[in-house]
Every structure is written in C-alpha cells, then in structure tokens.
Amino acid sequence: MTPEEVIKFAKENGVKMVDVKFTDLPGSWQHFSIPAHELSEDIFVEGLPFDGSSIRGFQAINESDMLVIPDASTAILDPFTAVPTLSLVCSIAHPRSKEPYSRDPRYIAQKAESYLRSSGIADTAFFGPEAEFYIFDQVRYASTDNKQYAEVDSEEAHWNSGNATYHNGSRSLGHLMNVKGGYFPVAPNDTYQDLRTEMVLKMEELGIQVETQHHEVGAPGQAEIDIRFNTLLKTADAIQLYKYIVKNTARKYGKSVTFMPKPIFGDNGSGMHTHQSLWKDEKPLFFDADGYAGLSQTARYYVGGILTHAPALLAIAAPSTNSYKRLVPGFEAPVNLVFSQGNRSAAVRIPISDNPKAKRIEFRPPDPTANPYLLFSALLMAGLDGIRREIDPGDYGFGPVDRDLYSMTPEELSEISSVPGSLDESLKALENDHAFLLEGGVFTSDLLEKYIEFKREQSDVVRLRPVPIEFSLYYDA
C-alpha cells in the first residue's frame with residue numbers, strides 16, 4: 001500500500017489506534033502507539049519522534065532524539081489488540097537530516113540488498129528460515145544473590161508420567177512423549193496441532209505464506225512452522241511478525257513460547273536453519289546439473305565464503321550464551337565446518353532437488369535468537385565475498401563430506417574445523433574478521449563495535465553467576 005492507501009484502509013476498518021514497530025539491535029520488536037486521528041501522509045515522510053537512548057544498542061542520553069519512519073507496505077491490522085489497531089513496521093532516522101540510522105537493523109538489510117544489485121553478481125537474494133520453538137505450560141526462573149533456578153513444564157513431557165495431575169489441575173492420561181520423541185507422533189501425544197494451525201492461519205491471514213507446520217523432535221512441546229522463502233528484507237520482516245504471532249497466539253491459550261536455543265537439558269535444541277539462493281534476471285544462479293549435489297560453481301564459491309567466515313558469522317547467527325549449549329559436538333548439532341548433501345551435522349547442507357529453481361544452500365548453525373536483519377545480511381555478505389574471491393570450499397578443507405561423521409575416528413574428525421564453542425570465541429572471531437561485512441558500507445564499524453560490546457556484557461552477566469549444577473558437582477569438594 002501507499003501512504004494514501006494505508007489511510008483509506010485504516011478508515012475502512014474502523015482503526016482506533018496506530019501501532020508503530022521497529023527492531024532494536026539484539027533483534028526484538030519495540031513499539032509505541034498513536035490515536036488514529038494522528039495518522040497522516042506526513043508521518044511516512046517526517047516520521048514520529050522517540051527516545052533512542054532507552055532502546056538497546058541505540059543512542060546515548062545526550063543524543064537520544066530519533067525518528068521512526070513507517071513503511072506503508074507493511075501495514076496490517078494487529079490481530080491481538082482489543083480495539084482495531086493498524087500496525088506499521090518502521091525504519092529509524094535522525095531527526096534533523098532524516099538520514100537513516102547506522103544501527104537500525106532494517107537499514108542494514110536494505111543496504112545489503114542494494115549492495116547485491118550493485119555487485120553485478122545477482123539482483124535478488126532469497127532466504128527461507130526454519131524457526132523452531134518450544135511451547136510450555138508453565139515457566140519459572142529467578143537469578144538473585146542467593147537463588148539461581150529455572151523450571152519449565154509441559155503436559156507432553158515424560159517427566160510428568162508419575163503425576164496424577166498437572167500443575168493446572170487437569171488429570172494425567174499417560175499420552176506422553178519420550179526424550180527426543182516428538183517427530184512426528186499424532187494426537188493424543190501431539191497436543192498442539194490445533195494451536196500450531198491457528199498460528200499458521202493467522203500468519204497466512206497477514207501475508208506470510210506457510211509451507212508446513214509440525215511437532216519437532218523435542219518431546220515437551222517443540223514445534224516448527226516453515227514459511228516460504230522471500231527476498232532478504234521481506235523475510236526478515238516476516239520473521240519478526242512470525243515471532244509476534246506465535247508468542248501471542250500461545251499466550252491466548254495460557255501457553256508460553258520461547259525461541260531460546262536450548263531450554264531443555266538432554267533434548268533437542270531449537271535452530272533456525274537458513275536456506276539461501278541467488279538469482280539474476282529471474283534466473284537461478286545456484287544450479288548446475290553436472291556439479292556436486294547440483295551446485296553451480298557460483299554456489300560453491302558462495303558456500304566457501306560462508307564457511308571461511310563462519311566463526312565470525314556465529315557471533316550474529318548464534319548470538320546468545322545459550323546458543324552454544326545447542327552447538328555441542330557429538331550430537332546432531334551442525335558444528336562441523338563442511339558442506340554436504342546429506343549430513344545434518346554439517347554446517348552447510350545441500351537439499352537434494354533436481355529443480356533449478358529449488359536449488360539452494362542451507363546454513364544450519366543459526367538459531368532464532370538471531371536478529372534476522374543482521375543474520376541474513378551477514379550471510380549474504382559472506383557468500384558474496386566467497387564469489388568475489390573465488391573461494392572454492394574444496395580447496396580449503398571444507399568438503400564435501402558425505403561420510404557418516406559419527407563413524408569417523410578422532411584423528412579424522414580432528415581434520416575438520418568446528419564452529420566456536422562459546423559466544424566469547426565467536427565475538428573474538430568477529431572482531432578479527434569483519435572486513436567482508438563493511439564492503440559497500442552495508443555494515444558499519446560503529447554498529448559492529450556496539451553489537452560486540454552489548455553481547456560481551458550479556459556474556460559477562462552469565463559468566464559471573466553460579467548455576468545449580470555446580471552445587472551438585474562442587475558443593476562437597
């Protein structure tokens with residue numbers, strides 16, 4: 001819609017409030033609202049003021065005035081408000097010059113798409129993320145001077161097998177899932193079919209095309225809803241709306257959703273495997289029937305760029321301390337820096353398809369705590385760097401590897417590089433390897449420095465606190 005069409009749409013739907021949403025540096029939606037009578041075409045140019053110093057990763061207190069500039073093409077009716085509310089996704093700008101803000105994640109995505117077109121390599125990058133999440137019936141946690149604990153519960157979980165009733169008073173009927181047993185039992189074991197379906201229908205109502213929904217491997221309520229690929233910016237916008245819909249639909253039924261990568265010990269973590277492909281003049285660039293797994297040389301170079309820069313990319317793709325409790329060697333986690341058409345523990349998997357339009361690469365280490373605007377932009381920049389420098393992964397020890405990685409000897413595995421083992425390691429890698437992100441001014445040193453500073457602060461918060469398992473291990477030492 002154009003701004004004029006948005007105003008007409010608002011009047012036709014009896015809109016009472018206008019909610020403006022934008023993304024902070026870590027990747028969470030923020031918002032504020034104005035009455036519908038304040039909606040005019042001017043705000044799509046002049047913007048609305050807000051305090052940037054109160055937003056994570058944005059301005060200092062002495063330069064806090066900022067603007068949100070709504071994007072008319074993102075207009076929808078918010079499905080979760082009590083009164084008719086128009087929702088608009090915004091970009092951030094400086095109040096005097098109206099120049100885009102360097103730390104606005106959405107602006108990074110816009111610049112990444114422009115850089116791709118200017119490169120001459122391709123004109124369109126498609127992204128298709130597979131976000132996983134857990135649905136819980138109860139969540140409790142605390143971190144104080146004398147108390148550290150977290151407790152989650154699910155009516156599907158095996159640990160409830162001995163309970164006569166659940167926490168909410170309903171009776172236990174025995175249809176529970178064993179550890180890693182969530183892929184794909186039917187009802188009554190899968191209790192979330194209707195809930196996931198409502199999430200899907202709400203997404204499609206608001207313009208997100210869904211390909212599939214299902215229970216995931218994680219027994220106590222893990223789920224996955226896959227959305228159809230789209231261009232970089234549109235997919236990042238869609239992931240933000242996706243999270244909003246999933247969390248609020250669950251809350252409507254007294255459930256809680258988390259996108260934490262590893263909320264449950266001993267069961268599967270939640271990832272966000274990210275499919276990618278490049279096109280030019282409406283033609284796919286990643287397919288070659290004679291290439292390994294149907295990959296063109298351009299696609300191989302793209303993979304080479306991603307695997308070469310993977311340690312630095314992990315600071316953006318797996319940006320929480322909890323991320324590295326999922327990325328642990330020896331399990332199905334995608335920790336091996338190789339590419340393969342079959343191995344799901346490879347960092348890059350090539351989905352098998354003979355359709356040129358479906359040929360893509362899948363980067364598996366990301367998880368849904370990542371800021372989608374920064375993640376997709378960083379992956380594109382790494383891939384383009386690989387194409388520009390002609391980094392063939394086979395020349396750098398990145399495979400392909402089609403053997404069973406679990407059957408390899410320790411000596412054989414020692415020849416395969418792994419992703420960093422902690423957030424601190426990934427942040428160090430990003431500090432040492434980020435020139436590829438600065439190409440074309442897509443990322444800026446200012447943004448990366450603030451991002452690393454913010455993530456280091458989070459890491460320090462975790463590192464300073466004892467955790468309950470340490471009492472079990474060391475209390476009687």
Distance-only polar pair, side chains of S459 and D424, donor-acceptor under 3.5 Å: yes
**Asked** Above 12 or not: heavy atoms from other molecules or residues under 6.0 Å from CZ of R463?
**Response** yes
Consider only side-chain N and O atoms of Q110 and Y373, and report whether a donor and an acceptor are under 3.5 Å apart. no
In terms of side-chain heavy atoms, does Q59 have a donor or acceptor partner in S64 at a distance below 3.5 Å?
-> no
Residue pair F133 / M199, side-chain heavy-atom distance below 4.5 Å = yes
- Message: Looking at Q213 and V200, would you say the former's side chain and the latter's main chain have a donor-acceptor pair under 3.5 Å?
- Response: no
Inset, instruction - Using distance alone, with no hydrogens and no angle criterion, decide if D104 and S102 have a side-chain donor and acceptor under 3.5 Å apart. - result: no
Hits for salt bridge (charged side-chain N to carboxylate O under 4.0 Å, His left out) against D78, two or more places apart or cross-chain, chain-then-number order -> K21
Query raised in the report: Checking side-chain contact (heavy atoms from CB on, under 4.5 Å) for the pair F32/L48: CA distance, chi angles, key distance, verdict?
Result: CA-CA 10 Å; F32 63 92; L48 296 167; 4.0 Å; yes
Does F436 reach the side chain of F443, with side-chain heavy atoms less than 4.5 Å apart?
no
### Message
Would you say S320 and Q458 are linked by a side-chain donor-acceptor pair, where the criterion is simply a distance under 3.5 Å?
### Response
no
Original post:
Does E470 use its side chain to pair, donor to acceptor, with the backbone of V467 at less than 3.5 Å?
Top reply: yes
Inset, instruction - Tell me yes or no: between the side chains of S53 and D51, is some donor less than 3.5 Å from an acceptor? - result: yes
Are K262 and D267 close enough for a salt bridge, meaning some N to O gap below 4.0 Å?
no
Worksheet item: Between Y244 and S87, does any side-chain donor sit less than 3.5 Å from a side-chain acceptor?
Response: no
### Derivation and outcome, side-chain hydrogen bond (donor to acceptor under 3.5 Å, both in side chains), residues D367 and S323
CA-CA 7 Å; D367 66 61; S323 299; 2.6 Å; yes
- [ ] Show your reasoning for whether side-chain hydrogen bond (donor to acceptor under 3.5 Å, both in side chains) applies to R326 and S270.
- [x] CA-CA 8 Å; R326 167 183 169 254; S270 293; over 6 Å; no
| task | In sequence, state the C-alpha distance, the side-chain angles, and the governing distance for D153 and N160, and then conclude on side-chain hydrogen bond (donor to acceptor under 3.5 Å, both in side chains). | result | CA-CA 9 Å; D153 201 8; N160 278 312; 3.0 Å; yes
Indicate yes or no for a side-chain donor-acceptor contact from T81 to the backbone of P84 under 3.5 Å, with no hydrogens or angles considered.
no
ask   = Parallel, tilted or perpendicular for H215 and Y192, by the 30°/60° rule?
value = parallel
- Task: State whether the side chain of T231 and the backbone N or O of L233 hold a donor-acceptor pair below 3.5 Å, judged by distance alone.
- Result: no
* Side chains of Y324 and E425: do they bring a donor and an acceptor to under 3.5 Å? -> no
| query | Would you say the side-chain atoms of Y253 and E198 include a donor-acceptor pair closer than 3.5 Å? | reply | yes
Checklist line | Verdict with supporting geometry, E431 and R456, salt bridge (charged side-chain N to carboxylate O under 4.0 Å, His left out) | finding: CA-CA 12 Å; E431 281 183 321; R456 280 238 167 87; 3.1 Å; yes
Under 3.5 Å, is there a donor-acceptor pair between the side chain of K243 and the main chain of F259?
-> no
Next on the checklist: For P79, is there any backbone N or O sitting under 3.5 Å from a side-chain donor or acceptor partner on K202?
Outcome noted: no
Requested in this report: Check the pair N268 / Y183 against side-chain hydrogen bond (donor to acceptor under 3.5 Å, both in side chains), numbers first and verdict last.
Outcome: CA-CA 11 Å; N268 277 37; Y183 201 86; over 6 Å; no
Between the CD atom in E216 and the NE2 atom in H214, the distance rounded to the nearest 0.5 Å is 5.0 Å
task: Check whether NZ of the Lys or CZ of the Arg K450 lies under 6.0 Å from the centre of the six-membered ring of F454 and within 45 degrees of that ring's axis.
output: no
Worksheet item: Ring centres of W279 and F126 under 6.0 Å apart?
Response: yes
Would you check if the side chain of N189 reaches a backbone N or O of P185 as a donor-acceptor pair within less than 3.5 Å?
no
Q) Are S345 and R364 close enough that a side-chain donor and a side-chain acceptor fall under 3.5 Å? A) no
Aromatic ring proximity, centroids under 6.0 angstrom, F229 and H275: no
Under 3.5 Å, is there a donor on one side chain and an acceptor on the other for D226 and T212?
no
With L278 as partner, the option from L384, T124, I361 fulfilling side-chain contact (heavy atoms from CB on, under 4.5 Å) is L384
Task: Aromatic contact, F286 with Y302 (centres under 6.0 Å) - done: yes
field: Test item: N230 side-chain N/O and K234 main-chain N/O as donor-acceptor pair under 3.5 Å
entry: no
Donor-acceptor pair, R103 side chain versus L447 backbone, under 3.5 Å?
no
_Residues S353 and N355: side-chain donor-acceptor under 3.5 angstrom_ = no
